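Since we're looking at a predicted model, the values are computed, not measured. Naming: A, B, ... by sequence-line order, numbering from 1 per chain.
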2 protein chains.
Amino acid sequence: MLPLERKKRIRSLIEKERHIKIAELSNRFGVSEMTIHRDLKPLLEEGCIAKTFGGVAWKQDGQEANTKVQGCVYCGRGYSERLAYRLILSNNRMETACCAHCGLLRHSQIGGEVMQAICSDFLTHTTISAPLSWFVMDTSVHMGCCHPQVLTFEWKEYAEKFVKGFGGHVYSFEVAKTVLVQKMNGGQNNCHSQK
Amino acid sequence: MLPLERKKRIRSLIEKERHIKIAELSNRFGVSEMTIHRDLKPLLEEGCIAKTFGGVAWKQDGQEANTKVQGCVYCGRGYSERLAYRLILSNNRMETACCAHCGLLRHSQIGGEVMQAICSDFLTHTTISAPLSWFVMDTSVHMGCCHPQVLTFEWKEYAEKFVKGFGGHVYSFEVAKTVLVQKMNGGQNNCHSQK
DNA sequence: TATAGATTGTGTTATTTTGTTATAAGGCGA
DNA sequence: TCGCCTTATAACAAAATAACACAATCTATA
């Protein structure tokens, strides 16, 4: 078996069994324990498993998120839960973008791999499905994340009411993606807090 | 079984059974009592269990005390950081209200003792001084906290823009307190999610 | 074929875990 | 309160495991 294949299988085995001994992995794959330790090293650094004495344990996503606050998958910036845009991919991995701006761009980039996309209603913070959300751009409220700014709303009616007060335009998911890409190509290539 | 896995199981076992003998745990997991004692040590320090002579007992309140999110000082309900209204008193104690509704009422109640009052801008979540904030009531957006609902804004301009879209009225701090008390006395005495 | 790089196994040392023994302390009946 | 039994704690030794260094093996490429 190729090393890479072994590593993949080890990963899925841990994910499935939750806890497993190094010795058992060594037996199962017919390699020395030292090799198993070496195979586990990248997984450990990635943060999806934890070593215990004598074995490994799968780290739940919740824990992972707690211990490791990674940056936005698109711009690398830190993010808050409030504006975050999450992409659940076909390989069961999750990517987090700092805001809908980066989320929509990333979504456009890797569209085929995305199984689910979720974001948060700007007013109520309810979790919503991105493709069903409404997106507001060019508004006068600035959250200081990325530019051009994109705010997300659960209901079209509320997005429109928001625009009535604070200006801007309301877009559906597909249109928002197109418009955003156009805006980004229209000379404003920088992401963060640019006017 | 891996040590970590055993520790987890011991924890959930105690939580489930409420109290259990050390000897039984020793039997159940096939390790010496000394090992069980060692496994219990971190749980003990964490405060979620209590040792009795010969056994352990689950401490309900102990754990709650550690992780405890206290309720609103006025209505007792749990609160989110987003809507919370905090009162710093002259004796250096801090009180937290679940939202501006309860915060303003509490503020009116113990006015003299309050040194500082802080809340959060509804749009940006910036922390702001309550007496300098602008308060929106009777709007069509409902956050599901207390009724009559009060939203807080850093800038009057933004509060007005919000009202333009979502309806309602903008009040300064002093006026908001008065209006709220009037509304509460006008027959709508209940606090939570009442229409 | 020769060579560089990657992968793997082995032996050694350091660390962690566990059980045993000895000692201290708590519970309980007389 | 005293004495007896049970349980808790501490110290030590043994076993299991991790980490490291180095050598051997394998793979790809010129």
S.K.: Can you find a side chain N or O atom of B:Lys51 that sits less than 4.0 Å from OP1 or OP2 on D:dT9?
M.R.: yes
S.K.: Can you sort out the partners of B:Arg82 under side-chain hydrogen bond (donor to acceptor under 3.5 Å, both in side chains), two or more places apart, ordered by chain and number?
M.R.: A:His125, B:His125
S.K.: Expected output is a numbered-order residue list: members of residues 29-39 of chain A with a heavy atom under 4.0 Å from any atom of DNA chain D. What is it?
M.R.: A:Met34, A:His37
S.K.: Here's a test of your reading of the structure: between A:Lys41 and A:Ala23, which maps to the more 5' nucleotide of DNA chain D?
M.R.: A:Ala23
S.K.: Excluding sequence neighbours, so at least two apart, what forms ring pair (Phe, Tyr, Trp, His ring centres under 6.0 Å) with B:Phe29?
M.R.: none
S.K.: Regarding B:Thr52, tell me which of base, sugar-phosphate or nothing describes its non-hydrogen contacts under 4.0 Å with the strands shown.
M.R.: sugar-phosphate
S.K.: Kindly write out the residues that satisfy side chain to side chain contact (heavy atoms under 4.5 Å, CB included) with B:Lys21, not counting sequence neighbours, or none if the list is empty.
M.R.: B:Glu24
S.K.: With sequence neighbours excluded, tell me which residues meet side-chain hydrogen bond (donor to acceptor under 3.5 Å, both in side chains) with B:Thr96.
M.R.: B:Arg86
S.K.: Walking along DNA chain C from 5' to 3', note the first and the last nucleotide with an atom under 4.0 Å from a heavy atom of chain B, and give both.
M.R.: C:dT17 to C:dG27
S.K.: Please list all pairs passing the salt bridge (Lys or Arg N to Asp or Glu O under 4.0 Å) test where one or both residues lie in residues 115-132 of chain B, with sequence neighbours left out.
M.R.: none
S.K.: With sequence neighbours excluded, what pairs up with B:Ser140 under the side-chain hydrogen bond (donor to acceptor under 3.5 Å, both in side chains) test?
M.R.: A:Lys161
S.K.: Pairs under 3.5 angstrom only: tabulate donor-acceptor contacts from the side chains of residues 169-181 of chain A to other protein residues two or more places apart or in another chain.
M.R.:
unit_1: A:His169; atom_1: ND1; unit_2: A:Asp138; atom_2: OD2; d: 3.2
unit_1: A:Thr178; atom_1: OG1; unit_2: A:Glu174; atom_2: O; d: 3.0

S.K.: Five pairs at each end of the helix from C:dT1-D:dA30 to C:dA30-D:dT1: take the axis at both ends and give me the angle between them to 10°.
M.R.: 30°
S.K.: Which residues satisfy the side chain to side chain contact (heavy atoms under 4.5 Å, CB included) test with B:Met34, sequence neighbours excluded?
M.R.: B:Ser32, B:Arg38
S.K.: Taking NZ, NE, NH1 and NH2 as the nitrogens, is one of them in A:Arg28 or A:Glu17 under 4.0 Å from a carboxylate oxygen of the other?
M.R.: yes
S.K.: For B:Met1 and D:dA16, what is the distance between atoms CE and C1' respectively, to the nearest whole Å?
M.R.: 17 Å
S.K.: I'd like to check the side-chain hydrogen bond (donor to acceptor under 3.5 Å, both in side chains) partners of B:Asn27; sequence neighbours left out, ordered by chain and number.
M.R.: none
